[in-house]
S.K.: 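Here's a structure for you.
Every value quoted in this text rests on a predicted model; they were computed, and no experiment measured them.
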Amino acid sequence: MSQGATSEDAASGWAGTKAPSLAEIEALADAAFAALPEEFRRLCAGVRIHVDDFPDEETLTEMGCESEFDLLGLFRGVGLAQGGEWATGQMPNAVWLYRRPLLDYWAEHDETLGHLVTHVLVHEIGHHFGLSDDDMTALEAAADAIEAPGR
């Protein structure tokens with residue numbers, strides 16, 4: 001704290017602040033997506049981005065999660081690496097971001113919420129591409145260079 005500032009001064013900036021809503025996390029995700037390179041976004045045509053508070057019970061069981069806080073995001077669908085073909089009756093390719101686990105992770109780490117949302121979004125879309133972890137790291141670095149909002 002700077003000299004002359006009190007703990008009351010520091011607290012007053014947070015006194016009226018609420019945790020970001022589903023819509024606010026979705027806005028961060030939309031801004032992060034818009035900041036990604038055009039060729040990356042073009043290959044994501046048809047991939048929907050959803051934000052929920054938590055994964056549903058079926059997802060938690062399927063992913064082997066011990067807690068509803070274990071999963072920050074998830075890609076579901078038939079990715080480009082598997083041919084990307086959409087079949088009748090199949091749900092569209094989608095990325096889910098989970099608000100409460102994201103906020104919990106954010107509270108425990110030293111990074112901005114915008115950076116975290118971008119990181120998880122790029123990671124999950126990377127699964128759509130069938131990318132390796134090294135490929136995803138390079139894409140995240142490109143997104144960082146653009147300086148996504150909230151960072």
Side-chain angles (χ1 to χ4, degrees), residues 10 13-151:
W14 289 95
T17 304
K18 295 181 180 181
S21 67
L22 290 169
E24 290 166 324
I25 298 294
E26 186 173 338
L28 282 174
D30 290 344
F33 185 80
L36 295 172
E38 170 61 32
E39 58 275 8
F40 183 79
R41 293 191 320 264
R42 192 174 338 108
L43 290 170
C44 293
V47 175
R48 296 184 181 166
I49 300 170
H50 302 276
V51 179
D52 287 329
D53 271 321
F54 289 105
D56 60 29
E57 287 300 320
E58 180 182 332
T59 299
L60 292 171
T61 300
E62 178 185 333
M63 300 304 293
C65 296
E66 294 180 17
S67 161
E68 58 192 357
F69 287 93
D70 287 351
L71 199 58
L72 302 179
L74 181 69
F75 170 76
R76 286 206 182 270
V78 179
L80 296 177
Q82 292 79 34
E85 295 294 320
W86 188 79
T88 302
Q90 175 184 316
M91 295 300 289
N93 288 344
V95 168
W96 271 264
L97 300 176
Y98 300 114
R99 183 182 79 95
R100 295 283 307 279
L102 284 165
L103 293 176
D104 190 63
Y105 184 95
W106 174 54
E108 295 179 5
H109 293 83
D110 187 28
E111 61 187 281
T112 66
L113 185 57
H115 181 262
L116 177 60
V117 168
T118 299
H119 173 84
V120 175
L121 179 67
V122 169
H123 182 89
E124 297 308 331
I125 290 174
H127 291 302
H128 167 66
F129 292 133
L131 297 174
S132 70
D133 286 337
D134 288 342
D135 293 333
M136 286 192 236
T137 299
L139 285 171
E140 290 167 359
D144 286 345
I146 294 171
E147 256 339 279
R151 189 117 198 241

S.K.: Evaluate whether atom CD of Glu38 has more than 12 neighbouring non-hydrogen atoms of other residues, nucleotides or ligands under 6.0 angstrom away.
M.R.: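 More than 12 within 6.0 Å, yes.
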
S.K.: What's the verdict on side-chain contact (heavy atoms from CB on, under 4.5 Å) for Tyr105 and Glu111, showing C-alpha distance, side-chain angles and the deciding distance?
M.R.: CA-CA 10 Å; Tyr105 184 95; Glu111 61 187 281; 3.6 Å; yes

S.K.: Would a distance-only check, ignoring hydrogens and angles, find a side-chain to backbone donor-acceptor pair under 3.5 Å from Arg99 to Val51?
M.R.: no

S.K.: Hey, are the side chains of Phe40 and Ile125 touching, using non-hydrogen atoms and a 4.5 Å cut-off?
M.R.: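 Yes, close enough: below the 4.5 Å cut-off.
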
S.K.: For Arg41, does the CZ atom have more than 12 heavy-atom neighbours from other residues, nucleotides or ligands under 6.0 Å away?
M.R.: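 More than 12 within 6.0 Å, yes.
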
S.K.: Can you name the residues that form a ring-ring contact (aromatic ring centres under 6.0 Å, His included) with Phe33, not counting sequence neighbours?
M.R.: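 ring-ring contact (aromatic ring centres under 6.0 Å, His included) list for Phe33, sorted by chain: empty.
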
S.K.: Enter the distance from Leu103:CG to Glu108:CD here, rounded to the nearest 0.5 Å.
M.R.: 11.5 Å

S.K.: To the closest 0.5 Å, what do you measure between CG (Leu102) and NE2 (His119)?
M.R.: 10.5 Å

S.K.: Within the 4.5 Å heavy-atom criterion, are Arg76 and Glu62 side-chain neighbours or not?
M.R.: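 They are in side-chain contact.
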
S.K.: Could you report the tightest heavy-atom contact between Gly46 and Pro92, atom names first, then the distance?
M.R.: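 Of all heavy-atom pairs spanning Gly46 and Pro92, the closest is O-CB, 4.4 Å.
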
S.K.: Cut-off 3.5 Å, side chains only: do His123 and His127 have a donor facing an acceptor?
M.R.: yes

S.K.: What I want to find out is whether Glu24 reaches Lys18 closely enough, with some N-O distance under 4.0 Å, to be called a salt bridge.
M.R.: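 Judged by the 4.0 Å cut-off on N to carboxylate O distance, Glu24 and Lys18 do not form a salt bridge.
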
S.K.: Got Glu26 and Leu22 here, is their nearest side-chain heavy-atom distance under 4.5 Å?
M.R.: no

S.K.: Let me confirm one number: the CD-CG distance from Glu124 to Asn93, rounded to the nearest 0.5 Å.
M.R.: 13.0 Å

S.K.: For Leu43, does its backbone N or O pair with a side-chain atom of His128 as donor and acceptor, under 3.5 Å?
M.R.: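 Present.
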
S.K.: Trp96 pairs by side-chain contact (heavy atoms from CB on, under 4.5 Å) with which of Asp52, Thr59, Val120?
M.R.: Asp52

S.K.: For residues 66-74, dump all side-chain donor-acceptor pairs below 3.5 Å to protein atoms at least two apart in sequence or in another chain.
M.R.:
residue: Ser67; atom: OG; partner: Phe69; partner atom: N; Å: 3.0
residue: Asp70; atom: OD2; partner: Glu66; partner atom: N; Å: 2.8
residue: Asp70; atom: OD2; partner: Ser67; partner atom: N; Å: 3.0

S.K.: Thr118 pairs by side-chain contact (heavy atoms from CB on, under 4.5 Å) with which of Leu116, Val122, Leu121?
M.R.: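 That would be Val122; it is the only one of Leu116, Val122, Leu121 passing the side-chain contact (heavy atoms from CB on, under 4.5 Å) with Thr118.
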
S.K.: What heavy-atom pair brings Pro20 and Leu113 nearest, and what distance separates the two atoms?
M.R.: CG-CD2, 3.6 Å

